[in-house]
Amino acid sequence: MTNSNNRLRIALQKKGRLSKDCNELLKQCGVKITWNEQRLIAYSENLPIEILRVRDDDIPGLVFDGVVDLGIIGENVLEEEELGRIAGGEKVEYKKLRTLDFGGCRLSLAIDRDQPYHSVQDFNNALIATSYPNLLKRYMKEQGVPFKSILLNGSVEVAPSAGIAHAICDLVSSGATLEANGLKEVEVIYQSKACLIQRAEPLDGDKQQLVDKLLTRIQGVQQAAESKYIMLHAPKEKLEEITALLPGVENPTILPLAHDDSKVAMHVVSQETLFWETMEQLKEMGASSVLVLPIEKMLA
Ligand code: ATP
Ligand code: MG
């Protein structure tokens, strides 16, 4: 058994929509973990890190209470827990280190598909089923609409057809679940992504250094995911025009071609996706052999 005392402790969702992306992110950051389905704690083989695998609802509290050093959690769950604690008179402290590029969803109000809808005022005195009573309450207060909520921790979408509530306030990504239950989305009340949080109480020097290193790596992974490496052959006289067409490019690398004096090879890192339309325009300008490659990691 490894001594866990000096390890940086990170809470992640054990099983669910965030798990795969969290594990993938750690892997891309060079954190090697031996996963064991049965175990609550997993250890990194190459860094002093241990992973606490829990229900996502428990993650904000574990960070607020300083039981773990870091956590990855949906902003929806984080803010719901934070509002709940504040409403209960508790003081909540944590640091939000970074918004991540996965776990995107929205918290929306939805009603029966056949019911007419005009504005949020339609919810006046309505009974709304939700797993997010605090986020809903904050929104309705801002809108000045009185309502009542029923707390359901699952199967929220069946509440209207079961006669339990007039409407629901639930997470949506594609909208397919709503549709399958005869509901329509009428108001988006909160946009969410996964985020990385740290406990408020300072970490010891070594741990904080490790956190900083992880953050730099995460930034490198995310930047790389948004960037492309583009290689092409360009007519010498069109270099400027071609550079202007490529999104987010500052300093292209220009290399001579072995058997063609009229063209050069151009290598660039572009911060954005290259669309087919741009590729076609490049071709019209005389560019050839256009290659767009994904980038795995980046360190500026
Ligand atoms: P747990 O068993 O850990 O409590 P859960 O069932 O509460 O899991 P999941 O359904 O795995 O939670 O969702 C976790 C998080 O994923 C959500 O809180 C939200 O931030 C994010 N998410 C992204 N897309 C969706 C979606 N379409 N529906 C629900 N959550 C989504
Ligand atoms: Mg949960």
Side-chain angles (χ1 to χ4, degrees), residues 9-26 33 35-42 50-65 67-68 70-85 92 94 96-111 113 128-139 149-160 165 167-198 218 222 225:
R9 195 175 254 208
I10 310 178
L12 299 183
Q13 187 187 28
K14 182 169 165 46
K15 208 167 143 231
R17 291 177 200 263
L18 301 177
S19 321
K20 204 171 138 249
D21 289 312
C22 287
N23 299 355
E24 185 61 26
L25 180 65
L26 286 181
I33 312 268
W35 300 105
N36 179 332
E37 264 308 303
Q38 316 304 326
R39 292 249 170 91
L40 174 68
I41 294 186
E50 66 185 26
I51 309 292
L52 198 63
R53 303 164 76 213
V54 292
R55 292 278 312 262
D56 72 339
D57 317 61
D58 295 333
I59 296 174
L62 288 167
V63 175
F64 300 163
D65 295 336
V67 177
V68 298
L70 299 181
I72 295 182
I73 184 64
E75 290 168 326
N76 53 317
V77 175
L78 172 66
E79 280 209 44
E80 178 66 24
E81 179 70 20
E82 182 178 3
L83 290 171
R85 288 204 179 195
V92 175
Y94 65 94
K96 188 164 173 182
L97 301 182
R98 202 178 169 91
T99 308
L100 303 169
D101 57 5
F102 57 83
C105 58
R106 52 194 191 272
L107 187 61
S108 291
L109 283 162
I111 58 171
R113 185 196 291 147
I128 306 174
T130 188
S131 315
Y132 298 92
N134 294 307
L135 286 172
L136 177 60
K137 203 162 154 189
R138 181 173 74 183
Y139 177 80
S149 71
I150 302 180
L151 179 67
L152 287 183
N153 282 316
S155 309
V156 177
E157 63 283 352
V158 302
I168 67 163
C169 172
D170 203 9
L171 293 178
V172 185
S173 50
S174 70
T177 312
L178 289 185
E179 209 167 300
N181 285 283
L183 299 169
K184 65 178 173 191
E185 185 178 3
V186 292
E187 300 285 342
V188 175
I189 75 159
Y190 187 83
Q191 294 275 5
S192 180
K193 277 187 172 183
C195 64
L196 176 68
I197 54 175
Q198 181 177 335
I218 289 175
Q222 292 200 325

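Note that this is a predicted model, so its numbers are computed, not measured. Indexing begins at 1, ligand by ligand and atom by atom, following the structure's order.
- Atom 20 (O) of ligand 1 has as its closest protein heavy atom Asn76 OD1, 2.7 Å.
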side-chain contact (heavy atoms from CB on, under 4.5 Å) between Leu136 and Ile189, worked out:
CA-CA 7 Å; Leu136 177 60; Ile189 75 159; 4.2 Å; yes
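- Remark: ligand 1 atoms within the under-4.0 Å shell around heavy atoms of Asp57 are 4 (O), 7 (O).
- From the protein, the heavy atom lying nearest to atom 29 (C) of ligand 1 is Arg17 NE, 3.3 Å.
- Counting protein heavy atoms only, atom 27 (N) of ligand 1 is closest to Ser173 OG, 2.6 Å.
- In this structure the side chain of Ile72 reaches within 4.5 angstrom of the side chain of Phe102, judged on heavy atoms.
- Checked for salt-bridge contact, Asp65 and Arg85 meet the test: a charged N lies under 4.0 Å from a carboxylate O.
- Using a cutoff of 4.0 Å between basic side-chain nitrogens and carboxylate oxygens, Lys193 and Glu75 are not scored as salt-bridged.
- Surrounding NZ of Lys137 are at most 12 heavy atoms belonging to other residues, nucleotides or ligands under 6.0 Å away.
- Of all heavy-atom pairs between Ser192 and Gly74, the closest is OG-C, 4.0 Å.
- For the Mg ion (ligand 2), the count of nearby protein N/O/S atoms, taking only those under 2.8 Å, is 2.
- A donor-acceptor pair under 3.5 Å is absent between the side-chain atoms of Arg9 and the main chain of Leu70, judged by distance alone.
- The closest donor-acceptor contact from the side chain of Ser131 to the backbone of Leu152 lies under 3.5 Å.
- Contact annotation for Leu18 and ligand 1: only side-chain heavy atoms (C-beta onward) come within less than 4.0 Å of the ligand.
- Of the options Gly16, Cys195, Cys105, Ser174, the smallest heavy-atom separation from atom 19 (C) of ligand 1 is shown by Cys105.
- Only side-chain heavy atoms of Val77 come within less than 4.0 Å of ligand 1; its backbone N, CA, C and O stay farther off.
- Contact annotation for atom 6 (O) of ligand 1: protein absent (non-hydrogen atoms, distance under 4.0 Å).
- Of all heavy-atom pairs spanning Leu100 and Leu196, the tightest one is CD1-N, 4.1 Å.
- Contacts between Arg55 and ligand 1 below 4.0 angstrom, taking non-hydrogen atoms only, involve backbone and side chain alike.
- Residue Gly104 approaches ligand 1 through these ligand atoms, each under 4.0 Å from one of its heavy atoms: 23 (C), 24 (N).
- Other residues, nucleotides and ligands contribute only 12 or fewer heavy atoms inside 6.0 Å of the CD atom of Glu179.
- Proximity to Gly74 (heavy-atom distance under 4.0 Å) selects the following atoms of ligand 1: 20 (O).
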